[in-house]
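Following: one structure in structure tokens, then a few remarks.
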Amino acid sequence: MKIQCIVIDDEPLALEKMQSLIAQIDSLELTASFDNAMDALFFLKQHTVDLIFLDIQMDELDGLQFLELLNPKPHI
């Protein structure tokens with residue numbers, strides 16, 4: 001069984017690196033990636049994931065504010 005995960009990072013190079021690293025781990029399946037927390041929040045209202053790789057410092061909505069909006073909270 002694979003762990004369903006998403007990545008949220010507003011820095012394109014960091015997002016690309018995380019996607020590449022996740023692709024190298026057989027037990028992880030990247031469901032989606034986002035360059036902002038608002039799009040990820042909308043996605044999570046319709047989908048469930050097991051794990052989120054989350055950038056803390058983002059412009060519009062930072063990672064800690066984003067976490068407060070999640071219910072239930074997946075592993076971060």
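Everything quoted here is computed from the prediction, not taken from an experiment.
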Quiz item: Taking atom NZ of K17 as the centre, does the number of heavy atoms from other residues, nucleotides or ligands within less than 6.0 Å exceed 12?
Solution: no
Quiz prompt | For I56, side-chain contact (heavy atoms from CB on, under 4.5 Å) partners two or more places apart | solution = L64
Quiz item: Rounded to the nearest 0.5 Å, how far apart are CG of L15 and CG of D9?
Solution: 6.0 Å
Exercise. Please name all residues satisfying side-chain contact (heavy atoms from CB on, under 4.5 Å) with F43, sequence neighbours left out, ordered by chain then number.
Key: I6, T31, A32, F34, H47, V49
Quiz prompt | Shortest non-hydrogen contact between M18 and V7, atoms and distance | solution = CB-CG1, 3.9 Å
Quiz item: Is there a side-chain contact between P12 and E16 (heavy atoms, below 4.5 Å)?
Solution: no
Practice problem: Taking side-chain contact (heavy atoms from CB on, under 4.5 Å) as the test, write out the residues that go with A23, two or more places apart. | Solution: none
Quiz item: In chain order, what residues pass the side chain to side chain donor-acceptor pair (under 3.5 Å) check against D39, with sequence neighbours excluded?
Solution: N36
Quiz item: Shared ILVMFWY cluster between L51 and I22, side chains joined below 4.5 angstrom?
Solution: yes
Quiz prompt | Rounded distance (nearest 0.5 Å) linking atom CD1 of I76 with atom CD1 of I8 | solution = 7.5 Å
Practice problem: Answer yes or no: is there a donor N or O on one side and an acceptor on the other, between the side chain of D62 and the main chain of Q57, under 3.5 Å? | Solution: no
Quiz item: For I25, what residues pass the side-chain contact (heavy atoms from CB on, under 4.5 Å) criterion, not counting sequence neighbours?
Solution: S27, L28
Quiz item: By side chain to side chain donor-acceptor pair (under 3.5 Å), which residues pair with Q65, not counting sequence neighbours?
Solution: none
Quiz item: Is the shortest heavy-atom distance from the side chain of I52 to the side chain of F66 under 4.5 Å?
Solution: yes
Quiz item: Any side-chain heavy-atom pair from H75 and I3 closer than 4.5 angstrom?
Solution: no
Quiz item: If every non-hydrogen atom of K73 is compared with every non-hydrogen atom of L67, which pair is closest and at what distance?
Solution: NZ-O, 3.0 Å
Quiz item: If you look at every heavy atom in S33 and Q19, which pair is closest and at what distance?
Solution: OG-NE2, 2.5 Å
